[in-house]
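Just below is one structure, and these are the notes that go with it.
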2 protein chains.
Amino acid sequence: MSLLVIGTVAFDAIETPFGKTDKIVGGSATFASLGASYFYDRIKIVAVVGDDFPQSEIEDLQKHNVNTEGLQIKKGEKSFFWSGRYHNDMNSRDTLTTELNVLEAFDPIIPHSYQDCEYLMLGNLSPQVQQTVISRLTNRPKLIVMDTMNFWMDIAFDELLATIKLVDVLTINDAEARQLSGEFSLVKAARKILTMGPKFVIIKKGEHGALLFHEDKIFSAPALPLAEVFDPTGAGDTFAGGFIGYLAKVGTVSFDNMKNAIIFGSALASFCVEKFGSEKLRNLSQQEISARVQEFIGLAKFEIEL
Amino acid sequence: MSLLVIGTVAFDAIETPFGKTDKIVGGSATFASLGASYFYDRIKIVAVVGDDFPQSEIEDLQKHNVNTEGLQIKKGEKSFFWSGRYHNDMNSRDTLTTELNVLEAFDPIIPHSYQDCEYLMLGNLSPQVQQTVISRLTNRPKLIVMDTMNFWMDIAFDELLATIKLVDVLTINDAEARQLSGEFSLVKAARKILTMGPKFVIIKKGEHGALLFHEDKIFSAPALPLAEVFDPTGAGDTFAGGFIGYLAKVGTVSFDNMKNAIIFGSALASFCVEKFGSEKLRNLSQQEISARVQEFIGLAKFEIEL
């Protein structure tokens, strides 16, 4: 029994109004597996890097209970590299560079020891590769969570729809939910996406929290109001990783457990944005996480007797 | 003991993607007093209309427990008229016409019988007029809630600041909070506004709910996710009216009561947007309101044991 995370392990170079970084380690699988690692200890990763990727970073993932047998290291090739600049509002960004490198011909090979996977996190990556991973698992996992982004809607819409059809939970931001569904109202957008395959849709609204839709039920999760967002890179991946990691720990998939999973995922994401890249996710304590979750509880609590 | 509402009583002509209206009755005091009327029955209004304003509409306010002794009817003059067109996203609108008419020389005379006012709702109106009302009350009310909008920041910033200084609660939308404070982060914006006079700031975020700030405490209220927003006109006024009406009913001003007041105000506002103008607010039952509040409770509820 394990949680399989696929996605990118990569280099990012980030500029925000607060400063800039040289190449630092990022990628959807990095953030998602670090996020999950605070709740669950049998995480397995499938991703690809070049031989420019530091061994110390791989060891750091291993220290976070991430099995890296499925992390391919391509000799003589370079890791995926993205650089971007955030605007003053921190909600929008320009991509400065995208070098696919090893990602161009990524074949997601699943080690035999990974076939016990019960929880599958399809981190943001080409929908074709996400689908290949599902097809290579002998037994369908108990829960498949998929994250994606507008980029794939623009260039691979049909493949994206084919992959969405196969998953249980889709996590997507509000603008992307509108783009995917062609509906402006998020309620209508979610209802439409629920007819595309997933039984659950999570619409991430950044500083406005998240909405979970399932059948005719809706849960509205708050976001922690932050005075400073230092770097939003990876917050969505961290959220998704924390979400599925919490569910893997609890072991039962239900609407109520998903509500809590969203709160824990949001708490992890709120740490992520406090420093550049994944820095803040490297050394969190359970006490810090509990205190942060307690803040979410206080934030949303009201008591009305009707 | 009473709740005094000041603001506009006016005609609106509204175009939305769903249709358009001829002149219908609107105005901040109309929406706010209707909103408050579902919780409290000693509402008194100060506003001005022309003699084009239908007597039947005044009687309808009276049926909602609104004392209209302070509603001035100017012979031979016309009521304030606004017309606007909402864009497809229903979040932005263009003003097509603004005819101030009776508002141009509005002197807010407070009838002697209104001097028992304990709760004061300063609905959206010129900050100069709002301030005059405060100065004409012999005893300072127990709670003064002020609503305003960007228009007054653009043309009467100093008067606005002088009025804000005198109130207990400021309700404002997110873009206006940013404009008023010069801060992008809503946390920083609210902190700054809390140094300007009010002890409580409510930032209205439309479809994303509302945030209440007081000292170092924050409450995040959800919005009801709606498939259709038919006409957002008056939703903010209705929210503010429901908010102060609930507090007047409860009779104790505290952070916890304000949290509940925000939920009740939001529930009223969620009805308001379902039809054109104030139509939906004319005949709500307590059962409908309770059921709607129950939806808010279900929407935001989660249970985490740490």
Side-chain angles (χ1 to χ4, degrees), chain A residues 17 87-91 174 178 183-191 203 205-209 211-213 217-229 246 255-264 267 286-287 289-291 293-306, chain B residues 17 87-91 174 178 183-191 203 205-209 211-213 217-229 246 255-264 267 286-287 289-291 293-306:
Chain A
H87 301 170
N88 280 328
D89 67 6
M90 300 300 268
N91 282 325
D174 43 359
R178 288 175 171 136
E183 295 284 355
F184 185 81
S185 149
L186 294 179
V187 174
K188 287 189 180 176
R191 281 186 195 151
I203 299 183
K205 304 193 296 172
E207 66 162 332
H208 302 302
L211 296 171
L212 167 66
F213 294 87
K217 294 199 282 280
I218 309 179
F219 170 58
S220 172
L224 196 69
L226 296 170
E228 304 275 12
V229 170
Y246 175 83
F255 190 72
D256 280 341
N257 286 344
M258 280 204 192
K259 295 204 276 189
N260 293 356
I262 286 175
I263 300 297
F264 279 95
Q286 292 297 333
Q287 285 77 1
I289 295 169
S290 291
V293 168
Q294 198 63 55
E295 282 190 72
F296 276 82
I297 295 172
L299 190 63
K301 197 175 178 185
F302 60 91
E303 276 171 37
I304 290 176
E305 279 174 35
L306 289 170
Chain B
H87 300 171
N88 279 327
D89 66 6
M90 299 298 268
N91 282 325
D174 42 359
R178 287 173 172 138
E183 295 284 353
F184 186 82
S185 149
L186 294 179
V187 174
K188 287 188 180 179
R191 280 186 196 152
I203 299 183
K205 304 192 298 171
E207 66 162 331
H208 302 302
L211 295 172
L212 167 66
F213 294 86
K217 294 199 280 281
I218 309 179
F219 170 57
S220 172
L224 197 69
L226 297 169
E228 305 275 12
V229 170
Y246 175 84
F255 190 73
D256 280 342
N257 286 345
M258 282 205 189
K259 294 203 275 187
N260 293 356
I262 286 176
I263 299 298
F264 279 95
Q286 292 297 333
Q287 285 75 4
I289 295 169
S290 291
V293 168
Q294 199 63 57
E295 282 190 72
F296 276 83
I297 295 172
L299 190 65
K301 197 175 177 183
F302 61 90
E303 277 171 37
I304 289 177
E305 281 174 34
L306 289 170

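Proteins get letters first, then strands, A, B, ... in listed order; numbering begins at 1 in each.
The contact between A:Glu303 and chain B is made entirely by backbone atoms, counting heavy-atom distances below 4.5 Å. Both the backbone and the side chain of B:Asn260 have a heavy atom closer than 4.5 Å to some heavy atom of chain A. The contact between A:Leu299 and chain B is made by backbone and side chain atoms together, counting heavy-atom distances below 4.5 Å. If you measure heavy-atom distances from B:Leu226 to chain A, the contacts under 4.5 Å come from the backbone alone. Interface remark: B:Glu183 contributes no atoms to any contact with chain A (heavy atom separation under 4.5 Å). Only the side chain of A:Phe184 comes within contact range of chain B, judged by heavy atoms closer than 4.5 Å.
Looking only at heavy-atom pairs under 4.5 Å with chain B, the residue among A:Val293, A:Leu186, A:Leu211 that has the most is A:Val293.
Closest of all the heavy-atom pairs between B:Phe302 and A:Ala300 is CE2-CB, 4.1 Å. Residues A:Pro225 and B:Ile218 share a closest heavy-atom pair of CG-CG2, 3.9 Å. Smallest separation of non-hydrogen atoms from A:Glu207 and B:Lys205: O-NZ, 4.0 Å. In this structure, A:Ala227 and B:Lys188 approach most closely via the heavy-atom pair O-CE, 3.6 Å.
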